[in-house]
Amino acid sequence: MIDQRLLPSEFQVVAYDDYREVAAAIRDMVVRGAPAIGAAAAFGMALAARQSSATSMDDLRVDLELAADVLGEARPTAVNLVWALKRIMRTAASTAGDVDDLRAAVLLEAQEIADEDVQINKRMAGYGAALIEDGDTVIHHCNTGALATVDWGTALGVIRTAHEGGKRVHVLVDETRPRLQGARLTAWELERYGIPYEIITDNAAGYFLRSGQVGKVFFGADRVAANGDVANKIGTYMLALAANDNDVPAYSVVPTSTIDLSLAHGGLIPIEERDGAEVLDLQKSGRAIAPEGAKARNPAFDVTPNRLVSAIITENGVVYPPFVDNLVKVVEG
Ligand code: MRU
């Protein structure tokens, strides 16, 4: 996987042969973004199957359960992680034959999860791009592009498809404190795709929305509850509030694997709180930004209530309110 912590200054591909290393890579955000985490965990399970010395199907399934527990604890908010692990465990339960057949089946399923993700992103991108008008300026939050998925992207995939379809799109990129996924990763991707953009501080979004300079807001999601409440990168809620106050549509772009119908509302979504050092470690002119001994709070995600979400764009179509009725239709077909 690409070590996303080093971008944009360094492009380094790292390889692992132990599933515990994959779990650590997810936790430390070598790889991040909900669909990318899901695919990484699935390949972690393929490694666990290969690492296991089990000689019976039952013993191999026990080793896989243990690996799923370790991988599943790496990060709590993005439901794609447990979604992918459950899918691998279903494959493990239904595969017949010997341990080598099971190892092969787990690897095949991981590859299918990865391959499907690219197709799903392209389908979502098609639905979303139809909502973008030629000449639109949009605000994008966090990184939701090829880096956050297996390829193409969710919200950024929409922008990319609109651009490639010949629409002129200008992107205001939220820098996305504290880890700067926007300034570091989204800007890096937009440079490569030749899409015009400018980085803005997160707290400038309200200014641009209120002064009528923005046509649409796009973001991804790490988990969507059954009622359409959207958990996404910290700052999404404030962005959606400002968009709503200025009658600018706010779209969440998500594969159906990010929709968790088992949770009735967003208050039930577990929110990861990361080390305060991520907030404090930033330096200005080589000097710490806060006094020695300062403490910080660092929730990595927030929940945007469904009333602030104009539509949820999935690979099965664009879902409009009432989400509580309409999400189930795209998830269950
Ligand atoms: O903490 P991160 O960088 O993993 O958070 C990522 C996001 O919040 C993305 O917006 C989300 O995963 C959807 S993008 C495919």
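Heavy-atom basis, side chains included; hydrogens, waters and symmetry copies ignored.
- At a cut-off of 3.5 Å, with distance as the only test, a side-chain donor of Asn80 or Thr258 sits close to an acceptor on the other residue.
- Of the N and O atoms on the side chains of Thr176 and Asp174, not one donor lies less than 3.5 Å from an acceptor on the other residue.
- Taking every heavy atom of both residues into account, Val248 and Gly215 meet most closely at CG1-O, 3.5 Å.
- No side-chain donor-acceptor contact under 3.5 Å links Asp275 to the backbone of Glu278.
- Side-chain atoms of Ser262 and Asp260 include a donor-acceptor pair closer than 3.5 Å.
- The hydrophobic clustering, which links ILVMFWY residues whose side-chain heavy atoms are closer than 4.5 Å, places Val254 and Leu263 apart.
- Two residues are said to be in side-chain contact when any heavy atoms from C-beta on lie closer than 4.5 Å; Met29 and Arg274 meet this criterion.
- Here the OG1 atom belonging to Thr77 is positioned 6.5 Å from the CG atom belonging to Asp222, to the nearest 0.5 angstrom.
- The CD1 atom of Ile289 sits 5.0 Å away from atom CG of Leu282, with the distance rounded to the nearest 0.5 Å.
- Side chains of Arg223 and Asn232: no donor on one and acceptor on the other come within 3.5 Å.
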(Q) side chain to side chain contact (heavy atoms under 4.5 Å, CB included) for Val14 and Met1? Distances and angles first, verdict last. (A) CA-CA 5 Å; Val14 285; Met1 55 182 74; 3.8 Å; yes
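- Residue Ala40 comes nearest to Val31 through the heavy atom pair CB-CG1, 4.1 Å, listed as atom of the first residue, atom of the second, then distance.
- If you run side-chain contact (heavy atoms from CB on, under 4.5 Å) between Glu189 and each of Thr144, Leu156, Ile159, Leu7, only Leu156 comes through.
- Between Ile113 and Asp117, the closest side-chain pair of non-hydrogen atoms is not below 4.5 Å.
- Under a 3.5 Å cut-off, the side chain of Glu21 and the backbone N or O of Asp17 do form a donor-acceptor pair.
- Linking ILVMFWY residues whenever their side-chain heavy atoms come closer than 4.5 Å, directly or via other members, leaves Val331 and Trp83 in distinct clusters.
- Between the side chain of Asn121 and the backbone N or O of Thr154, no donor-acceptor pair lies under 3.5 Å.
- Residue Asp134 holds its CG atom at 8.5 Å from CG of Asp136, rounded to the nearest 0.5 Å.
- Within the 4.5 Å cutoff, no side-chain heavy atoms of Val318 are placed close to those of Tyr251.
- One finds the CG atom of Leu64 at 6.0 Å from the CG atom of Leu102 (value rounded to the nearest 0.5 Å).
- Nearest heavy atom pair, residue Asp63 against residue Ser53, reads OD2-N, 4.5 Å.
- Remark: the backbone N or O of Ala146 is not paired with any side-chain donor or acceptor of Asp151 at under 3.5 angstrom.
- Smallest separation of non-hydrogen atoms from Gly220 and Val230: O-CG1, 4.0 Å.
- By the rule that hydrophobic residues join a cluster once side-chain heavy atoms approach within less than 4.5 Å of another member, Ile195 and Tyr197 end up as members of one cluster.
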Q) Yes or no on side chain to side chain contact (heavy atoms under 4.5 Å, CB included) for Phe301 and Ile234, after CA distance, side-chain angles and deciding distance? A) CA-CA 4 Å; Phe301 301 96; Ile234 193 76; 5.8 Å; no
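- Hydrophobic cluster membership of Val150, counting Ile, Leu, Val, Met, Phe, Trp and Tyr whose side-chain heavy atoms lie under 4.5 Å apart directly or via other members: Val118.
- Looking only at side-chain heavy atoms (C-beta outward), Ile312 and Phe323 come within less than 4.5 Å of each other.
- Judged by distance alone, the side chain of Ser310 and the main-chain N or O of Ala250 form a donor-acceptor pair under 3.5 Å.
- Checked by atom type and distance alone, the side chain of Asp202 pairs as donor or acceptor with a backbone atom of Glu175 at under 3.5 Å.
- Hydrophobic side-chain contacts under 4.5 Å tie Leu241 into a cluster, directly or through other members, with Tyr237, Leu308.
- Checked by atom type and distance alone, the side chain of Arg103 pairs as donor or acceptor with a backbone atom of Ser52 at under 3.5 Å.
- Remark: Arg192 is positioned above the aromatic ring of Trp188, its terminal NZ or CZ atom under 6.0 angstrom from the ring centre and at most 45 degrees off the axis.
- A heavy-atom distance below 4.5 Å is not found between the side chains of Val214 and Val138.
- A donor-acceptor pair under 3.5 Å is absent between the side-chain atoms of Asn298 and the main chain of Glu273, judged by distance alone.
- Residue Trp152 is not grouped with residue Val253 when hydrophobic side chains (ILVMFWY) are merged at heavy-atom distances under 4.5 angstrom, including chains of intermediate members.
- Between the CE atom in Met45 and the CZ atom in Arg50 there is a gap of 14.5 Å [rounded to 0.5 Å].
- Residue-environment remark: CE (Met238) stays at or below the threshold of 12 foreign heavy atoms within 6.0 Å.
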(Q) salt bridge (Lys or Arg N to Asp or Glu O under 4.0 Å) for Arg27 and Glu272? Distances and angles first, verdict last. (A) CA-CA 11 Å; Arg27 198 171 44 246; Glu272 176 181 19; over 6 Å; no
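- With hydrogens and angles ignored, the 3.5 Å screen pairs no side-chain donor or acceptor of Asn326 with any backbone N or O of Val319.
- Cation-pi geometry between Lys233 and Phe219 is not satisfied (NZ or CZ under 6.0 Å from the ring centre, within 45° of the ring normal).
- For the atom pair NE2 of His141 and CG of Leu172, the computed distance is 13.5 Å after rounding to the nearest 0.5 Å.
- Contact of the Val22 side chain with the Phe43 side chain is not registered, since no non-hydrogen atoms from C-beta on lie closer than 4.5 Å.
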**Q.** Check against side-chain hydrogen bond (donor to acceptor under 3.5 Å, both in side chains), Glu164 and Tyr193
**A.** CA-CA 9 Å; Glu164 294 202 351; Tyr193 311 147; over 6 Å; no
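- Residues Ala23 and Val70 share a closest heavy-atom pair of CB-CG1, 3.9 Å.
- No continuous path of ILVMFWY side-chain contacts below 4.5 Å connects Met89 to Leu66, so the two sit in separate hydrophobic clusters.
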Q.
If you apply the rule side chain to side chain contact (heavy atoms under 4.5 Å, CB included), what do you find for Lys167 with Glu133, and how did you get there?
A. CA-CA 7 Å; Lys167 288 181 181 167; Glu133 288 156 64; over 6 Å; no
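- Between Pro35 and Ala148, the shortest heavy-atom contact is CD-O, 3.4 Å.
- Under 3.5 Å, the side chains of Arg32 and Asn143 contain a donor-acceptor pair of N or O atoms.
- Side chains of His170 and Glu198: a donor-acceptor N/O pair is present below 3.5 angstrom, by distance only.
- Using modelled atom types, one side-chain atom of Gln4 and one backbone atom of Leu147 make a donor-acceptor pair closer than 3.5 Å.
- Counting only heavy atoms from C-beta outward, the side chains of Thr304 and Asp229 never approach each other to under 4.5 Å.
- A 4.5 Å side-chain heavy-atom check between Gln119 and Glu315 finds every atom pair outside the cut-off.
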Q: Kindly determine whether Leu190 and Val173 satisfy side chain to side chain contact (heavy atoms under 4.5 Å, CB included), including the steps that lead there.
A: CA-CA 10 Å; Leu190 290 171; Val173 178; 3.5 Å; yes
